[in-house]
Amino acid sequence: MKQYIDLRSDTVTRPTPGMREAMARAEVGDDVFGDDPSVNRLQERLAQQLGFEAGLLFPSGTQCNLAALMAHCGRGDEFLVGQDAHTYVHEGGGAAVLGSIQPQPLEHEPDGTLSLARIEAAIKPREDYYARTRLLALENTIGGKVLPRGYAKEATALAHRHGLATHLDGARLFNAAVKQQLDARELVTGFDSVSVCLSKGLGAPIGSVLVGPAELVREAKRWRKVLGGGMRQAGIVAAAGLYALEHHVARLADDHRNALALAEGLRGLPGLTVELPETNIVWVDAAPPLASRLVPALAEQGVLATGTGKIRFVTHLDVSAADVTATIAAVRAIVESS
Ligand SMILES: *Cc1c(COP(=O)(O)O)cnc(C)c1O
């Protein structure tokens with residue numbers, strides 16, 4: 001098989017030999033009965049690490065967020081969410097389709113936050129003709145940007161003052177924590193629930209974990225079953241997650257360094273506007289005619305990225321510094337020949 005440098009997403013990582021070994025050795029049981037010791041260990045570990053009562057493993061981040069939204073909100077309720085947030089844009093409208101929950105999307109500020117004024121203005125008065133605003137959902141990192149220090153505390157405090165619950169889509173929470181050199185626990189203070197992906201930069205093949213108060217997690221567990229997400233000997237998956245939390249968190253700094261090196265290498269090439277990344281996602285604006293040509297031309301050279309016009313390169317566990325150098329050379333060759 002042709003060897004690609006795959007920068008489409010940090011989901012493309014393959015389990016390392018150490019992770020496969022941990023999966024092979026995993027103690028398992030039937031998790032629908034609550035019998036799987038590895039699943040229980042993972043759930044407890046992450047809940048404890050992030051300062052919550054309980055945790056719950058899901059097959060995907062999409063299902064994890066949806067069950068959380070359904071645990072927080074009922075039929076006819078509404079959640080406030082960023083216009084570009086994964087829970088609004090990239091989850092098939094699940095909250096509305098399956099949860100009867102109306103999203104109220106809000107414009108982002110350039111740093112990825114939702115302004116407090118905008119949040120406050122969007123909270124609907126309690127009148128029969130409005131949906132009931134129930135929840136504020138934020139995301140960190142968002143598009144690779146880290147929410148500024150202190151922002152989450154202010155936004156969640158505002159939400160709580162108005163009687164709203166708060167959920168954090170922390171698919172890449174550990175990227176944010178490593179970037180800010182803070183304990184992940186500090187980044188989630190003020191949130192009633194948090195979802196974390198094990199299958200992104202952490203390099204596990206499958207899995208997301210929801211953490212929150214025991215009662216909310218119990219409710220989410222019921223919705224997980226309804227959504228078809230009750231798994232049996234899921235300890236094989238949980239073992240990979242535990243391994244990832246043990247071995248793949250600190251090294252996220254390598255991905256951030258590689259992303260920065262990539263951005264710096266692409267800066268100054270004609271026709272490209274490159275944002276310096278905060279974490280592991282590099283956004284490159286390509287002017288026409290390069291806009292539609294760059295991604296397919298790169299694929300011919302064995303480098304995979306996504307997007308037209310606004311192109312996304314994501315670094316991860318399976319991308320080395322040498323891969324970054326090769327990618328810069330491939331882009332340069334395409335730019336110079338067009
Ligand atoms: C990847 C991701 C998810 C969950 O995605 P799944 O592919 O369903 O695991 C949720 N939120 C964000 C921000 C993500 O990047």
Side-chain angles (χ1 to χ4, degrees), residues 6-15 42 46 55-70 72 79 81-95 97-99 103 105 108 111-114 135-147 152 166-179 184 187-188 191 193-212 220 223-224 227-229 231 234 237-238 240-241 244 248 252 255-256 259 277-283 306-307 312-317:
D6 196 342
L7 299 159
R8 290 173 302 169
S9 174
D10 45 7
T11 54
V12 301
T13 56
R14 248 85 36 119
L42 171 66
L46 204 53
L56 188 64
L57 174 65
F58 286 80
S60 74
T62 297
Q63 193 182 76
C64 185
N65 281 326
L66 177 55
L69 294 175
M70 291 173 77
H72 281 295
F79 73 115
V81 62
Q83 187 78 49
D84 302 332
H86 202 278
T87 44
Y88 176 56
V89 186
H90 298 288
E91 299 185 4
V97 176
L98 301 169
H108 295 270
D111 64 2
T113 59
L114 306 176
L135 176 76
L136 172 66
L138 298 175
E139 185 174 317
N140 195 15
T141 63
I142 173 136
K145 289 187 171 137
V146 182
L147 293 183
T166 53
H167 173 71
L168 179 69
D169 177 353
R172 297 189 179 86
L173 175 69
F174 286 103
N175 291 87
V178 166
K179 172 67 184 184
L187 273 56
V188 300
F191 287 99
S193 61
V194 181
S195 61
V196 176
C197 278
L198 304 166
S199 59
K200 295 272 163 82
L202 296 185
I206 297 167
S208 280
V209 177
L210 177 70
V211 295
W223 286 122
R224 185 186 69 174
L227 296 168
M231 297 188 285
V237 171
H248 293 169
L252 290 171
D255 299 343
H256 301 168
E278 293 179 24
T279 57
N280 68 328
I281 303 181
V282 180
W283 294 100
T306 55
R312 192 180 85 148
F313 298 88
V314 187
T315 57
H316 51 76
L317 199 56

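All of these numbers come straight from a predicted model, not from anything done at the bench. In each ligand, atom 1 is the first atom listed, and ligand 1 is the first ligand listed.
Of the heavy atoms in Arg172, only side-chain atoms (C-beta onward) come closer than 4.0 Å to ligand 1. Of all the heavy atoms of Asn65, the ones lying under 4.0 Å from any atom of ligand 1 belong exclusively to the side chain.
Not a single heavy atom of His90 sits less than 4.0 Å from an atom of ligand 1.
His248 and Leu202 get closest at one heavy-atom pair: ND1-O, 2.8 Å. Of all non-hydrogen atoms in His167 and Ser193, the two that sit nearest each other are ND1-OG, 2.7 Å.
Between the side chain of Glu91 and the backbone N or O of Asn65, no donor-acceptor pair lies under 3.5 Å. Between the side chain of Arg312 and the backbone N or O of Val282 there is no donor-acceptor pair closer than 3.5 Å. With Arg224 contributing its side chain and Met231 its backbone, the two residues share no donor-acceptor pair below 3.5 Å.
Counting only heavy atoms of the protein, atom 11 (N) of ligand 1 lies nearest to Asp169 OD2, 2.6 Å. Here the heavy atom of the protein found nearest to atom 9 (O) of ligand 1 is Gly61 N, 2.8 Å. Remark: minimum distance from atom 2 (C) of ligand 1 to any protein heavy atom is reached at Lys200 NZ, 2.2 Å. Ranking protein heavy atoms by distance to atom 8 (O) of ligand 1, first place goes to Thr62 OG1, 2.6 Å. In this structure, atom 13 (C) of ligand 1 lies nearest to the protein heavy atom Glu139 OE2, 3.1 Å. For atom 10 (C) of ligand 1, the closest heavy atom belonging to the protein is His86 ND1, 3.3 Å.
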Can you give the donor-acceptor pairs under 3.5 Å from side chains of residues 136-145 to other protein atoms, not counting sequence neighbours?
unit_1: Glu139; atom_1: OE1; unit_2: His86; atom_2: N; d: 2.7
unit_1: Asn140; atom_1: OD1; unit_2: Leu147; atom_2: N; d: 3.0
unit_1: Lys145; atom_1: NZ; unit_2: Pro110; atom_2: O; d: 3.0

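Atoms of ligand 1 found under 4.0 Å from any heavy atom of Ser60 (numbered from 1 in listed order, with element): 8 (O), 9 (O).
Asn280 and His316 are not linked by any side-chain donor-acceptor pair at a separation below 3.5 angstrom, with hydrogens and angles left out of the test.
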